[in-house]
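One structure below.
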Amino acid sequence: MYDRLKLRSRLCALFFALLLVLAAPFGQLSPAHAQEPCDTEPCAPAAAGQKGAIRIGYTQFAPFSRSDMTGIAVGYSIDLLRLLLEPRGYSLTFVPFDNPSDLLQALERGDVDATSLLGINAARREVGAFSDIIQPLSISVFVTHDGPRIDDVSDLSGLRIGSSDGSHPAHLVQQLENVTFVPVASTNGLLLPLLSNDVDGIAAPVEAVLHAAARAHLSDRIRQSIALQEVDGAILVDPDQPQVLADLNRAIASEQASGRIALLQERWFSASTPPLTSRERLVGFLAALCVIGVGAYWAKLHFGVLRTARISKARADRLHEALNETGATLLIADKDMRPVWWNDNYLRNFPKQLPLLNRHTRLPELIEASLMNGTQDHLPFEEAHAQASEIVEKLKIGAEIEANRFTTDGKILRSRTRMLPSGEYVVIAVDVTSFVRANEELKETAEKLAFANERLDKFSKIAAHDLKTPVRNIRELHKWIQADMADHDLELPAEVQESFDHATTLLNQQDRLISDLLDYSKSSHLTVPESFDPAERLEAIAQLSSIPKGFSIAWPTSMPRLCCNPTAFDIVLRNLLSNAVKHHDRATGTITVIAEAKEALCHISVRDDGPGIPEQYLKRIFEPFETLQSRSGGESSGGTGLGLSFIHDTVARWGGTVAAKSRDGARGTCFTFSVPLAQPLAGDPGVVALSA
């Protein structure tokens with residue numbers, strides 16, 4: 001039933017609007033003499049001596065002034081100017097304008113010499129000189145009968161008030177706080193936006209609105225709410241026409257004294273409705289045809305429209321339910337940032353905003369209220385207003401605003417506000433409470449892990465020192481035993497000497513294991529990159545690698561500057577050199593180091609002429625505690641299996657890679673690792689080989 005009444009109301013509004021449009025060019029609510037304005041007593045014949053032609057600008061402002069269907073100027077102001085000036089020898093030419101704004105611009109340019117009756121204000125005095133006061137004009141606000149109740153000027157806050165562009169009522173509306181001014185092309189077109197709900201009210205002279213409503217038979221659909229101001233009305237004259245102004249003032253005084261101006265006012269603003277003119281009867285006939293056509297069309301489409309409306313409403317309800325089920329919180333605002341739709345989740349999460357939404361409060365005020373009275377935010381007005389203004393300006397240029405919003409029940413919503421391609425605005429909020437809580441827990445866990453790693457690092461250093469101390473003492477004890485035996489010229493049996501040497505080997509292996517474990521635990525700290533020249537460190541690396549006398553190393557003659565931790569680089573290269581010697585099956589050998597710079601990396605290769613590594617073990621050698629046996633004796637190589645694992649992890653941390661190549665049946669192994677260059681190579685990224 002509600003939808004049906006709403007549809008009928010809209011059709012009625014369209015019908016009356018059509019009547020208004022059709023009636024605008026025809027007839028007028030005026031005395032019978034209006035077709036020939038100067039054939040009655042108030043308009044005396046022109047004087048014999050002509051003073052010249054003057055141009056009078058007028059607006060579409062019935063019943064004061066307007067153009068009829070033939071383009072002739074008619075109305076109270078037109079007859080008034082003829083009464084005042086034509087008997088004084090002036091020839092009048094009337095120039096039409098849509099609204100006072102255009103009229104005042106024409107007067108300022110000199111396109112016209114005077115205007116029709118206008119309300120006096122300071123802004124207009126800057127354009128021309130007003131004549132003596134002719135009569136007062138009452139400015140009021142009108143609304144529809146079912147429109148908002150307005151008892152005071154403060155009740156206009158938040159409303160959209162329409163008025164003729166450049167008119168005195170428009171000037172008054174623009175001075176009101178929190179009132180949206182909607183310019184209308186002319187006073188004659190004020191009723192249409194009011195009846196179609198494009199504006200909440202209109203501001204205009206009382207006579208003009210009542211005249212337009214009576215002509216369209218819409219007097220019962222509008223009502224006068226409050227009076228804004230009573231302003232004096234006069235004729236505005238070009239300041240370069242002082243003679244015209246002087247003659248006009250003398251004529252005003254004379255005609256007011258004679259009572260002719262009062263008689264003209266009575267005839268034009270009589271409360272009684274005159275008989276229909278032939279033009280008005282034509283309008284009535286056309287209106288009847290429109291009624292018949294609309295009725296036939298209504299009869300044809302009535303049930304179809306209702307059925308379509310029910311289907312559309314059902315679809316909208318289902319969409320609404322589906323959006324609620326997603327858990328999303330939604331609000332849509334129009335191009336003026338006024339909320340037009342919101343779902344149940346929005347009201348459930350932000351119940352404090354319900355009164356503001358019901359008043360169609362714009363987005364800037366909603367954001368401002370949220371910053372002042374939100375669950376988390378309690379900003380002072382000035383700061384909240386500044387932040388809201390900044391957010392709105394970003395939205396207008398297409399930016400997307402993201403923020404965390406907190407609900408009264410403790411949920412955290414991640415909201416996104418942006419402008420749609422249609423120019424409207426949308427607010428989408430998603431519940432991220434679980435993600436935020438998980439992130440906080442993850443952060444707390446990370447802090448605990450960092451603390452545990454720090455304690456583990458300290459422990460590893462202490463443990464390594466404590467473990468190496470007894471090993472070092474036992475090694476020294478072995479040396480003392482050997483020295484004492486040498487001093488007494490004692491020789492151990494072969495089996496005992498072999499066991500003694502084996503114990504020494506085990507001690508050395510234990511010492512290497514502890515050192516490798518310590519290096520492996522410290523590898524996470526060897527990640528601070530520095531720019532350095534590796535060639536300056538090669539000699540020290542060779543000395544610390546304990547290369548036997550039977551082995552030779554071929555170094556690059558020069559190397560590019562690298563970007564990694566220098567200590568980590570030394571450990572990686574030293575381990576590779578030691579491995580090449582340790583896993584060699586001969587007393588002599590050659591190790592070759594080659595550096596190749598390509599793009600942003602330097603690839604460093606360590607090649608040996610040892611027995612090589614079986615292919616099936618190449619992928620396993622970089623895992624912790626993986627060791628290989630020599631090809632000759634079948635015994636373990638004596639390593640701990642942590643060196644290559646340390647190399648792999650360290651190179652990965654500075655962004656490089658490490659790999660090993662060896663062919664079955666052929667001697668030699670090549671380990672290659674990459675290091676970032678301090679500066680990428682310029683020009684073509686070719687390969688530059690730097691070898692011994």
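Everything quoted here is computed from the prediction, not taken from an experiment.
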query = Would the number of heavy atoms belonging to other residues, nucleotides or ligands and lying under 6.0 Å from CD of E177 be above 12?
reply =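 For E177, atom CD is not crowded (no more than 12 foreign heavy atoms under 6.0 Å).
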Test ring pair (Phe, Tyr, Trp, His ring centres under 6.0 Å) applied to Y58 - qualifying residues, sequence neighbours left out =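 Ring pair (Phe, Tyr, Trp, His ring centres under 6.0 Å) list for Y58, sorted by chain: empty.
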Using atom types as modelled and distance alone, determine if a side-chain donor or acceptor of [X] lies under 3.5 Å from a backbone N or O of [Y].
X: T361; Y: L357; answer: no
X: R160; Y: F181; answer: no
X: R362; Y: M337; answer: no
X: S138; Y: E230; answer: no
X: S91; Y: G52; answer: no
X: T115; Y: L236; answer: yes
X: N99; Y: S164; answer: no
X: Q256; Y: I261; answer: no
X: S157; Y: S154; answer: no
X: H145; Y: R223; answer: no

task = Given side-chain contact (heavy atoms from CB on, under 4.5 Å), test D155 with R149 step by step and report yes or no.
result = CA-CA 8 Å; D155 294 334; R149 181 178 179 83; over 6 Å; no
Worked verdict on E207 versus H211 for side-chain hydrogen bond (donor to acceptor under 3.5 Å, both in side chains) = CA-CA 6 Å; E207 297 85 353; H211 173 82; over 6 Å; no
Is there side-chain contact between [X] and [Y], with at least one heavy-atom pair below 4.5 Å?
X: F61; Y: S77; value: no
X: P339; Y: L366; value: yes
X: V426; Y: L331; value: no
X: T93; Y: I54; value: no
X: Y346; Y: L330; value: no
X: I226; Y: V153; value: yes
X: V182; Y: I161; value: no
X: S67; Y: Q60; value: yes

Going from [atom1] on [X] to [atom2] on [Y], what distance comes out if it is rounded to the nearest 0.5 angstrom?
X: I56; Y: I235; atom1: CD1; atom2: CD1; value: 7.5 Å
X: L190; Y: L192; atom1: CG; atom2: CG; value: 10.0 Å
X: N358; Y: L354; atom1: CG; atom2: CG; value: 4.5 Å
X: T180; Y: D200; atom1: OG1; atom2: CG; value: 8.5 Å
X: I134; Y: Q265; atom1: CD1; atom2: CD; value: 9.0 Å
X: L118; Y: S65; atom1: CG; atom2: OG; value: 8.5 Å

Partner set under side chain to side chain donor-acceptor pair (under 3.5 Å) for [X], not counting sequence neighbours:
X: S422; answer: none
X: Q229; answer: H168
X: T144; answer: D146
X: E368; answer: H385

message = Using the rule side chain to side chain contact (heavy atoms under 4.5 Å, CB included), only one of K394, R418, R416 pairs with I401; which is it?
response =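 Testing I401 for a side chain to side chain contact (heavy atoms under 4.5 Å, CB included) against K394, R418, R416 leaves exactly one candidate, K394.
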inquiry  = Taking side chain to side chain contact (heavy atoms under 4.5 Å, CB included) as the criterion, tell me which of V237, I120, D232 meets it with F130.
reply    =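 It is I120; the other options fail the test.
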message = Let's go through I252 and S131 carefully: what are the C-alpha distance in whole Å and the side-chain angles of both, what is the deciding distance for side-chain contact (heavy atoms from CB on, under 4.5 Å) to 0.1 Å, and is it a yes or a no?
response = CA-CA 9 Å; I252 291 172; S131 68; 3.6 Å; yes
Can you give the donor-acceptor pairs under 3.5 Å from side chains of residues 100-113 to other protein atoms, not counting sequence neighbours?
residue, atom, partner, partner atom, Å
R109, NE, D111, OD2, 2.9
R109, NH2, D111, OD2, 3.0
D113, OD1, R55, NH2, 3.2
D113, OD1, Q241, NE2, 3.4
D113, OD2, R55, N, 2.9
D113, OD2, R55, NE, 3.4

ask   = With a 4.0 Å cut-off, would you call E255 and R82 a salt bridge?
value =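 R82 and E255: not salt-bridged.
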request  = Determine, for D247 against R88, whether the closest basic-nitrogen to carboxylate-oxygen distance falls under 4.0 angstrom.
outcome  =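 The answer is no: the pair does not qualify as a salt bridge.
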Please report the closest heavy-atom contact between [X] and [Y], naming both atoms and the distance.
X: A204; Y: P169; result: CA-CG, 3.9 Å
X: L194; Y: G201; result: CD1-CA, 3.8 Å
X: S116; Y: T59; result: OG-N, 4.1 Å
X: Y425; Y: L363; result: CB-CD1, 3.9 Å
X: L117; Y: G233; result: CD1-C, 3.6 Å
X: L156; Y: V179; result: O-CG2, 3.4 Å

ask   = Taking the six-membered ring for Trp, are F269 and F64 ring centroids under 6.0 Å apart?
value =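 Aromatic pair counts; centres sit under 6.0 Å.
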query = Passes side-chain contact (heavy atoms from CB on, under 4.5 Å), F142 versus L210? Steps please.
reply = CA-CA 10 Å; F142 290 82; L210 295 179; 4.2 Å; yes
task = Run the numbers on W342 and V427 for side-chain contact (heavy atoms from CB on, under 4.5 Å), then give the verdict.
result = CA-CA 9 Å; W342 51 89; V427 180; over 6 Å; no
